[in-house]
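Beneath this line is the structure, given in structure tokens, with notes to follow.
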There are 2 protein chains.
Amino acid sequence: MYKDLDPLLHSQLRLAIVSILMTGESADFNQIMDITKATSGNISVQIKKLQDAGYIEVVKSFKNNYQNTALKITNKGIKAFENYVECLKQYIK
Amino acid sequence: MYKDLDPLLHSQLRLAIVSILMTGESADFNQIMDITKATSGNISVQIKKLQDAGYIEVVKSFKNNYQNTALKITNKGIKAFENYVECLKQYIK
DNA sequence: TATTTTGGTTTATAATATAAACTATTTTAT
DNA sequence: ATAAAATAGTTTATATTATAAACCAAAATA
């Protein structure tokens, strides 16, 4: 009962980012900003943490002359998310 | 979409405490310690925060010659918890 | 009566979230 | 042509928060 919640996912912004990516579609930096309304600095830091953990994949490219940062969830990220949700259920029901 | 999560509840230990109290039964300090395995100092601090927010009621008494701290969730606490769960659902499904 | 146990609180520290300040490139206005 | 503004971020400093260590008081026990 009350297993530890993965601290990497138990953060509003990181959870939102991963939640967005759990659709399976990749999303880019701007979409994350639009949806979450967080500052770019905050998003940048949280993306790096998720990347370092191997939860997301980050692909940098050029799109219409501008740099573009695209994010995609990894298998590890999917498993971590599913595990987080399972653990959380113990707390909220 | 992605409404803010009540920061008072979006904390593993405080969420566990409120979750325990959501049964309706009151629980005392020791039960919280047994269930959560957190340190007394940590629990003490988090209890005060929940009390200050009006989410729980704290009743101090004497039981078998020892001081006893009993906790009970308030109506405000119940509503906050239910709202938290509703908001969380946007993130986890 | 000295020591240990019970039941906590207060305070210091470690970790974390968040925004402010900064960098670099591109577009637009003058 | 070039100054200003917009795009797309990163780095770093600060503010907040979680957590444990240190502490206190009363009761039980050796």
Side-chain angles (χ1 to χ4, degrees), chain A residues 2-20 26-53 55-72 80 84 87-88 91, chain B residues 2-20 26-53 55-72 80 84 87-88 91:
Chain A
Y2 294 113
K3 276 196 290 205
D4 278 350
L5 298 172
D6 182 345
L8 250 138
L9 293 180
H10 198 64
S11 137
Q12 183 170 319
L13 182 50
R14 283 195 302 273
L15 187 61
I17 293 170
V18 170
S19 172
I20 291 165
S26 79
D28 58 29
F29 204 103
N30 290 321
Q31 291 175 269
I32 303 291
M33 275 201 81
D34 283 353
I35 298 172
T36 65
K37 310 297 182 199
T39 60
S40 54
N42 194 359
I43 292 171
S44 179
V45 168
Q46 307 313 332
I47 282 177
K48 199 186 306 189
K49 285 187 186 173
L50 290 170
Q51 183 183 21
D52 288 350
Y55 287 6
I56 66 174
E57 205 183 335
V58 178
V59 178
K60 296 183 188 202
S61 66
F62 267 79
K63 239 180 174 174
N64 331 320
N65 288 347
Y66 280 113
Q67 58 178 309
N68 179 270
T69 299
L71 312 174
K72 210 179 165 199
Y84 173 76
C87 291
L88 200 56
Y91 292 78
Chain B
Y2 295 114
K3 277 198 288 206
D4 279 350
L5 298 171
D6 183 345
L8 250 138
L9 293 179
H10 198 63
S11 138
Q12 183 170 316
L13 183 50
R14 284 195 302 274
L15 187 61
I17 293 171
V18 169
S19 172
I20 291 164
S26 79
D28 59 30
F29 203 102
N30 290 321
Q31 292 175 267
I32 302 290
M33 275 200 80
D34 284 352
I35 298 172
T36 66
K37 311 296 182 199
T39 60
S40 54
N42 195 359
I43 292 171
S44 179
V45 168
Q46 307 313 331
I47 282 177
K48 198 185 307 186
K49 285 187 188 176
L50 290 170
Q51 183 182 22
D52 288 351
Y55 287 6
I56 66 173
E57 206 183 336
V58 179
V59 178
K60 294 183 189 205
S61 66
F62 266 79
K63 240 180 172 173
N64 330 321
N65 288 347
Y66 280 112
Q67 61 179 310
N68 179 270
T69 299
L71 312 174
K72 211 182 166 200
Y84 173 76
C87 290
L88 201 56
Y91 292 78

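Just so we're on the same page: letters track the sequence lines, and every chain starts at 1. Values reported hereafter were calculated over all heavy atoms of this structure, with side chains retained and with hydrogens, waters and symmetry mates removed.
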Over all strands shown, is K60(B) touching base, sugar-phosphate only, or nothing at heavy-atom distances under 4.0 angstrom?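 It contacts sugar-phosphate atoms only.
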So Q12(A), base contact, sugar-phosphate only, or nothing? Heavy-atom distance under 4.0 Å. nothing
Quick check for you: among [options], whose closest atom lies nearest to any side-chain atom of [X]?
X: T39(B); options: dA20(D), dT10(C), dT18(C); value: dA20(D)
X: T69(A); options: dA17(C), dG9(D), dT6(C); value: dG9(D)
X: N42(A); options: dA19(C), dG8(C), dT19(D); value: dA19(C)
X: N30(B); options: dA27(D), dA17(C), dG7(C); value: dG7(C)
X: Q46(B); options: dT27(C), dT19(D), dT5(C); value: dT19(D)
X: V45(B); options: dT27(C), dT11(C), dA27(D); value: dT11(C)
X: R14(A); options: dT16(C), dA18(D), dT10(C); value: dT16(C)
X: L13(B); options: dT19(D), dA8(D), dA27(D); value: dT19(D)

Does a nitrogen or oxygen in the side chain of [X] sit under 4.0 Å from OP1 or OP2 of [N]?
X: S11(B); N: dA18(D); value: yes
X: K49(A); N: dA17(C); value: yes
X: N65(B); N: dA26(D); value: no
X: K48(A); N: dT11(D); value: yes

Atom pairs under 3.5 Å: protein N/O with N/O of nucleotides 21-23 of chain C:
none

Pairwise side-chain contact, I17(B) with Q46(B), heavy-atom cut-off 4.5 Å (strictly under):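 Answer yes - side chains close enough.
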Mutual orientation of the aromatic rings belonging to H10(A) and Y84(A) [parallel < 30°, tilted 30-60°, perpendicular > 60°]: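 H10(A) and Y84(A): tilted rings.
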Do any side-chain atoms of residues 62-69 of chain A form donor-acceptor pairs under 3.5 angstrom with protein atoms, and if so which ones, sequence neighbours left out?
from, atom 1, to, atom 2, distance (Å)
N68(A), ND2, D28(A), OD2, 3.2

Between I47(B) and H10(A), who's closer to the 5' end of DNA chain C by nearest nucleotide?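 The answer here is I47(B).
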